[in-house]
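What follows is one structure encoded as structure tokens, with my remarks underneath.
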Amino acid sequence: MTKHFLEEDQELAHLELSPGTPGGSRTVNLPVLQGTLGPSVLDIRKLYGETTCFTYDPGYTSTASCESKITFIDGEKGVLLHRGYPIEELADNSTFLEVAYLLMEGELPTKEKFDQFSDNITFHTMVHEQLRNFYSGFRRDAHPMAIMVGVVGALSAFYHDSLDIHDPEQRMIASHRLIAKMPTIAAMAYKYSVGQPFMYPGNDLKYAENLLHMMFATPAGPYKINPIVARALDKILILHADHEQNASTSTVRLAGSSGANPFACIAAGIACLWGPAHGGANEAVLHMLKKIGHKDRIPEFIKRAKDKDDPFRLMGFGHRVYKHYDPRASVLRITCQELLEELGYKHEPLLELAKELEKIALEDPYFVEKKLYPNVDFYSGIILQAIGVPTSMFTVLFAVARTVGWIAQWMEMIEDPLQKIGRPRQLYTGDTLRHYIPFTQRGA
Ligand code: SDX
């Protein structure tokens, strides 16, 4: 494959097809498109028409599914930018709602615009009273992510008729409703699991404060929000807000490409995020650390993680894109240490165990050669546990945060003039044509 510039400066890649390929030997020119950052892409939209060949890329390891301006990741350097702003600067200086505005609108808001956006979100935080009935259909021990998939999907029944996704105003209202109601629905899932009454949101509370209030306050008495905990939770939400075309975001885009109801699309994203290879890893990390129990057992688990015949993997380690330290994990590692000290934890065994596990893994040739570093899920669970969030709710809070990323990406897709329904092809290796045989003629 060689690439050269034509007179009009359109960069092209030459694809030389050998005599054995369909249509025989010939050269196909593929336009090479260059973004503002990151690798160039080969534009293969005309490839099938010119070669009758598909490309083959299970898991989309080398495939750009769309053009986007929202988030850029440099996996080799451990860089994460939201609309050009480094995640580290946003985590230290911004708030989750401001990052939500940035992801959706593309610019940091003026104070006036932010206040208006924040008020819009606040005044959508309550859910329809009928929505409360969906919870009673679940067993009390239902996983909160199962409840989230069901209840968020049910929102599509409450807003379906008033929703024309081609009307920007209606898209914005649906987006505000989702951002506003996710904490309420999440907190209700938690309250349902512990048998406590649902708490209504408070219009005088900020986003993370409201989430803490609805999860941990009870009608029986006052609940004092710890500002340190609220700030830590808000930072965790920022760090989980968006991450380019990850599995759940790609799910939301694919569901949205058919014109599906956005509430149903977000429910599809929640379902995908739940998997332990994706957002479910934060919960799996805590289970793994508790299973390891003591640093003396770390070598045993490192050995298992390296054993191809053992399905065990080091949860919170490795990443499809990052082949360097996940910048979010770096921020969370520091936040974890600071928060535990601020909360008066003299010694947190799980954090000590996690740091020892990280140290040993990063010195092991297997992890070094495969460039397996801690990812966003490795430390987040320790922080969430320290602020009182039960393990089963870790991925739910990830979903609350990622809703703003899913929405920003869904809006970008709907507004993309080149957008069409997503419909991948396949490499078929099944049976060739054969004809039906009645029972009497079939072999034993
Ligand atoms: C998230 O995409 C995103 O952006 C996701 C996310 C987001 O914000 O949306 O960042 C959030 O999902 C983070 C990832 C959370 N998942 C985990 O922590 C689960 C543990 N990690 C692995 O399952 C794995 O690393 C993945 C799923 C994250 C990435 O898998 P890939 O890209 O398909 O890589 P791979 O499985 O092909 O791994 C490459 C090699 C393999 O060995 P070989 O077949 O080449 O011999 O590394 C090995 C893997 O076996 N490997 C691990 C490992 N992760 C990869 N071996 C042991 N422990 C691990 N954790």
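What you see is a predicted model, and the numbers here were worked out from it, not measured in a lab. In listed order, ligands and their atoms are each counted from 1.
When ring centroids are compared, Phe378 and Phe317 come within the 6.0 Å threshold. Taking the ring centroids of His176 and Phe117, they lie under the 6.0 Å cut-off. In summary, the aromatic rings of Tyr325 and His319 are positioned with their centroids too far apart to meet the 6.0 Å limit. Close placement of the Tyr135 and Phe198 rings is indicated, their centers lying within 6.0 Å of each other.
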Decide ring-ring contact (aromatic ring centres under 6.0 Å, His included) for Phe301 and Phe312; before the verdict, give the C-alpha distance in whole Å, the side-chain angles of both, and the deciding distance to 0.1 Å. CA-CA 8 Å; Phe301 283 84; Phe312 173 78; 5.7 Å; yes
Should His243 and Tyr322 be marked as a ring-ring contact (aromatic ring centres under 6.0 Å, His included) after you check the CA-CA gap, both sets of side-chain angles, and the distance that decides it? CA-CA 11 Å; His243 211 238; Tyr322 289 122; 5.2 Å; yes
Side chain to side chain donor-acceptor pair (under 3.5 Å) between Gln170 and Asp167, worked out: CA-CA 5 Å; Gln170 291 188 43; Asp167 174 351; 3.2 Å; yes
Begin from the C-alpha positions of Ser248 and His278 and carry the test side chain to side chain donor-acceptor pair (under 3.5 Å) through to its verdict. CA-CA 8 Å; Ser248 54; His278 189 13; 2.8 Å; yes
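The shortest distance between side-chain heavy atoms of Tyr373 and Phe367 does not fall below 4.5 Å. Here the side chains of Ile387 and Ile228 are not in contact, with every heavy-atom distance at 4.5 Å or above. When side chains are defined from C-beta on, Ile165 counts as touching Trp410, because their heavy atoms get closer than 4.5 Å. Using a 4.5 Å cut-off on side-chain heavy atoms (C-beta onward), Asp377 and Met315 make no contact. At least one side-chain heavy atom of Glu76 sits less than 4.5 Å from a side-chain heavy atom of Lys371.
With respect to atom 58 (N) of ligand 1, the closest heavy atom belonging to the protein is Leu314 N, 3.1 Å. Protein heavy atom nearest atom 14 (C) of ligand 1, with residue, atom name and distance: Asn375 ND2, 3.5 Å. At the top of the distance list for atom 12 (O) of ligand 1, counting protein heavy atoms only, stands His278 ND1, 2.9 Å. Here the heavy atom of the protein found nearest to atom 33 (O) of ligand 1 is Arg320 NH2, 2.9 Å. Protein heavy atom at the shortest distance from atom 48 (C) of ligand 1 is Tyr366 OH, 3.5 Å. For atom 4 (O) of ligand 1, the nearest protein heavy atom (residue, atom name, distance) is His243 ND1, 2.6 Å. With respect to atom 21 (N) of ligand 1, the closest heavy atom belonging to the protein is Phe317 O, 2.9 Å. Regarding atom 19 (C) of ligand 1, its nearest protein heavy-atom neighbour is Met315 CE, 3.5 Å.
Heavy-atom contacts from other residues, nucleotides or ligands closer than 6.0 Å to CZ of Arg140 number more than 12. Counting non-hydrogen atoms of other residues, nucleotides and ligands closer than 6.0 Å to NZ of Lys323 gives a total above 12.
Distances between N or O atoms of Ala277 and those of ligand 1 include at least one value under 3.5 Å. When only interatomic distances are considered, the shortest N/O to N/O separation between Phe367 and ligand 1 does not fall below 3.5 Å. The distance criterion of under 3.5 Å between nitrogen or oxygen atoms is not met by Asp377 with respect to ligand 1. Residue Val376 has no nitrogen or oxygen atom sitting less than 3.5 Å from a nitrogen or oxygen atom of ligand 1, judged on distance alone.
A donor-acceptor pair under 3.5 Å is formed between the side chain of Glu412 and the backbone N or O of Lys69.
In this structure, atom 56 (N) of ligand 1 has protein heavy atoms in its sub-4.0 angstrom surroundings. Shown here, atom 39 (C) of ligand 1 is out of close reach of the protein: none of its heavy atoms lies under 4.0 Å off.
In the candidate list Asn246, Leu273, Ile73, Asn246 is nearest to atom 2 (O) of ligand 1, counting heavy atoms. Of the candidates Ala281, Gly279, Ser248, Ala284, Ala281 brings a heavy atom nearest to atom 17 (C) of ligand 1. Summarising the contacts of atom 28 (C) of ligand 1 with Ala329, Pro311, Gly318, the nearest heavy atom is found in Gly318. The option from Lys323, Lys370, His319, Arg313 that lies nearest to atom 36 (O) of ligand 1, judged by heavy atoms, is Arg313. Distances from atom 46 (O) of ligand 1 to the heavy atoms of Arg328, Lys371, Lys308 put Lys308 nearest. Distances from atom 51 (N) of ligand 1 to the heavy atoms of Leu239, Val285, Leu372 show the closest one on Leu372.
For Lys306, the heavy-atom gap to ligand 1 stays at 4.0 angstrom or more. Distances from ligand 1 to the non-hydrogen atoms of Phe312 include no value under 4.0 Å.
Here Tyr322 has no heavy atoms under 4.0 Å from ligand 1, in either its backbone or its side chain. Residue contacts with ligand 1, taken as heavy atom pairs separated by less than 4.0 Å, involve Arg402 solely via side-chain atoms from C-beta onward.
Near Ala305, the atoms of ligand 1 lying under 4.0 angstrom from a non-hydrogen atom of the residue are 56 (N), 57 (C). Which parts of ligand 1 touch Pro276 is read off a 4.0 Å heavy-atom cut-off, strictly below it: atoms 16 (N), 19 (C). Which parts of ligand 1 touch Gly316 is read off a 4.0 Å heavy-atom cut-off, strictly below it: atoms 17 (C), 18 (O).
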